[in-house]
Amino acid sequence: MSRRSPEPLVWLLFSGGGMAAALLVPVLLVLFGLAFPLGWLPAPDHAHLLALVGHPITKLVLFGLCALALFHWAHRFRYTLYDGLKLKQASTLIIVVCYGAALAGSAGAAAVLLMA
Amino acid sequence: MTTFHNIVVVGGGGAGLRAATAIAEANPLLSVAIVSKVYPMRSHTVSAEGGAAAVIADGDSLDEHAYDTVSGGDWLVEQDAVEAFVEEAPRELLRLEHQGCPWSRKPDGRIAVRAFGGMKKKRTWFAADKTGFHMLHTLFQTALSYSDIVRYDEWFVTKLLIDEGRVHGVVAIELATGRVETIIANAVIMCTGGCGRVFPFTTNANIKTGDGMALAQRAGAPLKDMEFVQYHPTGLPFTGILITEATRAEGGWLLNKDGYRYLQDYDLGKPTPEPVLRSMELGPRDRLSQAFMHEHAKGRTIETPYGPIVHLDLRHLGAHVIDTKLPFVRELCSKYQNIDPVKELIPVRPVVHYMMGGIHTDINGATPVEGLYAAGEVACVSINGANRLGSNSLPELLVFGARAGEAAAEYVRSLRTGPRNAVYAQGNDEERRLRAELDQRRKGTERIADLRTEMQATMEEGAGIYRDGDSLEKAAVKLHELRERFDRAAIDDHSSTFNTELISLLELDFMLDIAQSIVACAGKRTESRGAHQRTDFPKRDDEHFLSHSLVHRSGEVEYLPVTITRWPPGERVYGR
Amino acid sequence: MIKMEVTRFRPGEDDAPIVQSYEVPLRKEWAVLDGLNYIKDQLDGTLSYRWSCRMGICGSCGMTVNGKPQLSCATFLTDYAPGPVRVEPLRNFPVIRDLVVDISDFMTKLPKVKPWLIHDGEVPEDEFLQTPREMDEYKKYSMCINCMLCYSACPVYALEPEFLGPAAIALGQRYNLDSRDDGALERRDVLASAAGAWACTFVGECSTACPKGVDPAGAIQRYKLTAAVSALKDFLLPRGARR
Amino acid sequence: MSAYRQPVSAFWWLRQWSYLLFVLRELSSVFVAWFVVYLLLLVAAVGDGARAYEDFLAWSGHGWVLVLNLVATAFVLLHAVTWFALAPRAIVVPRVPPWAVLVAHYAAWALLSAGVAWVVLR
Ligand SMILES: Cc1cc2nc3c(=O)[nH]c(=O)nc-3n(C[C@H](O)[C@H](O)[C@H](O)COP(=O)(O)OP(=O)(O)OC[C@H]3O[C@@H](n4cnc5c(N)ncnc54)[C@H](O)[C@@H]3O)c2cc1C
Ligand code: SF4
Ligand code: F3S
Ligand code: FES
């Protein structure tokens, strides 16, 4: 039955990821990717960040962001390959690779966050 | 190639779709086909703007609707048909409501009605100003749910098969492939719409070439009241695009070149700021278009490259009313005339709009040819008489489409015999004729477009809003000449794939028939009534002409008395 | 005068379309369609194209004009002056002849979304009550004239012919959002299938192209959200709790 | 019927500016993914101690990393803007005009960004 199609759930993850990425990624990327390395702003000291990352709420938020953002990527990239490169024939392979990578990435993120 | 159906409906407009669903409901076992030269949702019903009349409002009554219709038609109206019509119209419109038609509503969620020309009460249902569009799409989409209705989309019917006085089907060309097919059926319902394209300046779409009228007349069914051609008072110059009567119902004014509401000079009442029913701008279309001609004669219209115009003034209605009730008018004005009716005057002139006449049918859509039915604008029942009231046509499509469908379903039930071989032979002959048209017209000398243009000019000059014996005689002579020249018309396109030049040729052939019928009837009717105004016979003459004209293929015209049930002929009074 | 470059394709004669140029008068009031009619009537009777209402409501006359899908009766020559004006058939459809394309794909897909009112229970004696506000919910989606400009603009439809496409989905949504309708569940299998709303990647060009303000892209997005939420409910709630 | 099938070029997205913009928008997801990697590297470095964190900061100052992050920022901003533009079309709240939905998204964006910056820089 097509109603069982996983498409809606994947799409929800994609959308959640899109929303999370839109809301949070720009500020984080500007801070850590540009502002600190370029010296526009003083980089926060290690202790502060350690405390921050160690806090369970931060861990939860960051995990959510990473996992959702990865699924966002997986879904969009899958369709980019279909449409942009006309690769629809390789659909199964693309699905396995994209969502598989997102799953693996999320597990990796969990590991990193738990250890930090 | 030959295929078989119980009933073939020719035309997928409002009337055709309603007829087909009526058959499917009357007897689901019947095989019904809709053959249409355009996809059904492209049919001209889609262009209707203003609305559909049916009694629903408190304080309105069936009798008043009937009286307005009878007097609006200048008593040339079958009163039993009108009584059936007004009674069934509300049911039909409600049926569409139940199928999802987005009729405009009052704040409490009930159907809203608006005023319309010649109607004494507000009774016109509307879907903003895209009524026909919403009706047609609702009908079409609902018809999709009847999976057993077979459609022949973009098939052009060229002939009705007749044997022993009975119809046996049609011959049609599939446009995409050029395939000619004999479609055998026990009954045929013609729902092919009007013929405005016989005239040069019309609100009618390119497809409205009177095919069905000509086909039926050739098959032996006479055409009725063909001299009654409706001019709508407000068309955009150049394009002929209609500015709906609803603009005036909402309170629009007609102004001459001095900014004066000239209708007050023509026995249509006194100007008031608010619209008054059956008065001034809400008078009937024939009278308004005639008033324009008088203004023009007095030099009080404005000359433009596309003919004389007057102005329609909506500015005092304000943006809110225009945007909620008349959004399409605003869209059309800005697209095609480059003006904004909220701030500017709309230039308008009378434009050929509707054919009161058509295939002669009885109250059930049956023509004198056995098994042949007709409904919609192509037919003449007649509820419209000498002048149709705006918003009566759309409900007419439904009421008489349904009636014709039911009658045809009933008719085929009793039939036992199939067609004789002669019918198949007719089909083969027609196929050969069509091939010949393609092959033998290579060396023609006349251009289709030229003949068409000349025919249209002839009709406007000879059989326009005002006619006389002389102008009609000249038109008849000219049409005769065009008929002869038609035999020498050329076709450059010899492809069998989507050959629109061949179709233009066949349509021109039909239109010439129609033009000749109109002129023949108009010449014989030596009186003035409704939309038929003879300057040489300016009075209505009930003694001789309270009867329908019936014109046959031969050009012969006979008369049929009008059925009068409850409303004896009287004076048409507006604004008093 | 203005030059019109018209794509011609004659099946059986040409393997691929060719371009033919015509000079037509440049008049203020003339739509691209008037230019084509001039060609057909005065210059070349063999040109084929569809048209009917010439007032932007029947949906027959869609063509690609200077690269963009347009209604040729509602697009004016003067907007392309001094020219040339390139007129091609609508993209993404097979070309039958000249400017005539085959839209039978849409015509077979349309009934699949059940674009008719499905009402459970009693039908009232008179009208269903529906306030103007309730009508606003779906009104815009009911404005579709089936002109196919959106299909012509949508790259996903070009690449994946299985895709139901913008207008068909918008029409399904039109009934889903109608307060008189109870058919959303019946339409879901088709609308929420892989070839339905999910195939749309929100290019958004369908809404840009639409001459009637239908906003099919919005309709699809909105449908995805509803479908996803209801799928989530199905997933989380036990069967019995569902309607 | 021998209809002509109009071919679709693999480079269809170059034909029109709006198509190109669409493809760029879709490609933004790659940079979102890159950001996740970058973030996790940072978190791992912070967890590994002050030395590792210093190394990370030095690495993030490398030319190619900077360029990559600059490009990524551009794409991520494109993502955010197009995403918010789309939101009012999908999220239809009765009686709330679409522009209000849009404004709400931008407000949330501003608020969250300020919040994150405050937490990080405190
Ligand atoms: C601009 C405009 C506005 C109007 N506004 C209103 C209004 O507000 N209220 C009102 O009541 N009336 C209005 N009318 C009148 C009304 O719309 C028409 O009378 C009515 O729609 C005709 O419907 P129909 O079903 O008879 O024919 P159409 O809708 O014209 O359909 C004709 C069908 O026949 C088919 N056909 C024709 N010839 C052939 C052939 N040879 N082979 C195969 N198929 C063929 C066509 O493909 C088409 O499907 C308006 C008319 C116009 C022109
Ligand atoms: S949604 Fe718009 S563009 Fe698409 S078919 Fe309908 S009216 Fe045409
Ligand atoms: S263009 Fe196509 S991809 Fe979706 S938003 Fe429109 S249907
Ligand atoms: S001709 Fe009808 S939409 Fe253009």
Side-chain angles (χ1 to χ4, degrees), chain B residues 38-39 41-44 46-47 56 94 97-100 102-111 130 132-134 137-138 141-142 144-145 147 153 175-176 205-207 238-239 241-242 306 328 331-332 335-336 338 447-450 452-453 490-495 497-501 504, chain C residues 10-13 28-29 31 40-42 44-60 74 76 96-98 100 102-104 107 110-111 114-119 123-132 134-135 138-139 142-146 171 174-175 178 180-181:
Chain B
V38 294
Y39 282 99
M41 70 280 182
R42 319 267 191 236
S43 302
H44 196 57
V46 83
S47 313
I56 187 177
L94 275 175
E97 198 281 329
H98 295 152
Q99 293 172 342
W103 296 114
S104 291
R105 306 287 173 145
K106 295 188 284 194
D108 66 357
R110 307 210 86 98
I111 301 285
K130 287 191 178 169
F133 163 79
H134 285 299
H137 280 255
T138 305
Q141 289 165 4
T142 305
L144 292 177
S145 72
S147 49
D153 292 341
L175 290 186
N206 184 38
I207 56 171
F238 179 64
T239 53
I241 288 172
L242 177 80
Y306 301 106
F328 193 40
E331 182 186 326
L332 289 169
K335 261 243 129 71
Y336 294 94
N338 235 323
R447 287 197 73 86
I448 295 171
D450 296 345
R452 191 172 54 219
T453 311
I491 293 189
D492 298 328
D493 189 348
H494 306 287
S495 163
T497 311
F498 223 96
N499 189 329
T500 49
E501 199 178 25
S504 303
Chain C
R10 284 153 300 197
E13 279 178 64
K28 184 167 108 256
E29 299 82 0
K40 176 134 191 111
D41 288 349
Q42 308 301 329
D44 184 350
T46 68
L47 180 65
S48 278
Y49 50 96
R50 293 188 181 104
W51 68 288
S52 182
C53 71
R54 55 87 185 81
M55 57 191 278
I57 190 77
C58 76
S60 324
F76 293 85
I96 296 178
R97 159 97 190 257
D98 297 344
V100 180
D102 180 4
I103 63 163
S104 50
M107 296 304 285
L110 183 59
K114 305 199 177 177
W116 51 80
L117 200 84
I118 299 172
H119 182 76
V123 172
E125 182 100 337
D126 31 75
E127 73 268 46
F128 288 111
L129 292 185
Q130 182 171 70
T131 61
E134 285 170 321
M135 184 179 289
Y138 70 88
K139 184 87 203 213
S142 75
M143 291 298 179
C144 172
I145 61 173
N146 301 355
L171 280 167
R174 172 247 175 276
Y175 284 96
D178 190 320
R180 299 167 287 187
D181 182 271

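Sequence lines set the chain letters: A, B, ... in the order given, protein chains first and strands last, and positions in each chain run from 1.
In terms of heavy-atom pairs under 4.5 angstrom with chain B, the leader among Lys139(C), Arg50(C), Lys28(C) is Arg50(C). Contact count against chain B (heavy-atom pairs under 4.5 Å) is highest for Glu127(C) among Arg174(C), Glu127(C), His119(C). Put simply, of Ile145(C), Ile118(C), Asp181(C), Val123(C), the one with the most heavy-atom pairs under 4.5 Å next to chain B is Ile145(C). Comparing Gln42(C), Met107(C), Glu125(C) by how many heavy-atom pairs each has under 4.5 Å with chain B, the most go to Met107(C).
Interface remark: Ile111(B) contributes backbone and side-chain atoms alike to the contact with chain C (heavy atom separation under 4.5 Å). Heavy atoms closer than 4.5 Å to chain C are found nowhere in His494(B), neither backbone nor side chain.
For Asp41(C) and Arg447(B), the salt-bridge test fails: no basic side-chain N is under 4.0 Å from an acidic carboxylate O. Using a cut-off of 4.0 Å between Lys/Arg side-chain N and Asp/Glu carboxylate O, Glu97(B) and Arg180(C) are scored as salt-bridged.
At least one side-chain heavy atom of Tyr39(B) sits under 4.5 Å from a side-chain heavy atom of Ile103(C). Side-chain contact between Trp103(B) and Gln130(C) is absent, with no heavy atoms from C-beta onward closer than 4.5 Å. The shortest distance between side-chain heavy atoms of Thr497(B) and Ile96(C) falls below 4.5 Å. The shortest side-chain heavy-atom distance between Leu171(C) and His137(B) does not fall under the 4.5 Å cut-off. A heavy-atom distance below 4.5 Å is found between the side chains of Pro124(C) and His98(B).
Thr500(B) and Lys40(C) share a side-chain donor-acceptor pair at under 3.5 Å.
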Q: Carefully, step by step, assess Arg10(C) and Asp493(B) under the rule salt bridge (charged side-chain N to carboxylate O under 4.0 Å, His left out).
A: CA-CA 11 Å; Arg10(C) 284 153 300 197; Asp493(B) 189 348; over 6 Å; no
Q: Would you sort out whether Tyr306(B) and Glu29(C) count as a side-chain contact (heavy atoms from CB on, under 4.5 Å), showing the intermediate values?
A: CA-CA 11 Å; Tyr306(B) 301 106; Glu29(C) 299 82 0; 2.9 Å; yes
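Phe76(C) and Tyr336(B) have their aromatic ring centers within a separation under 6.0 angstrom.
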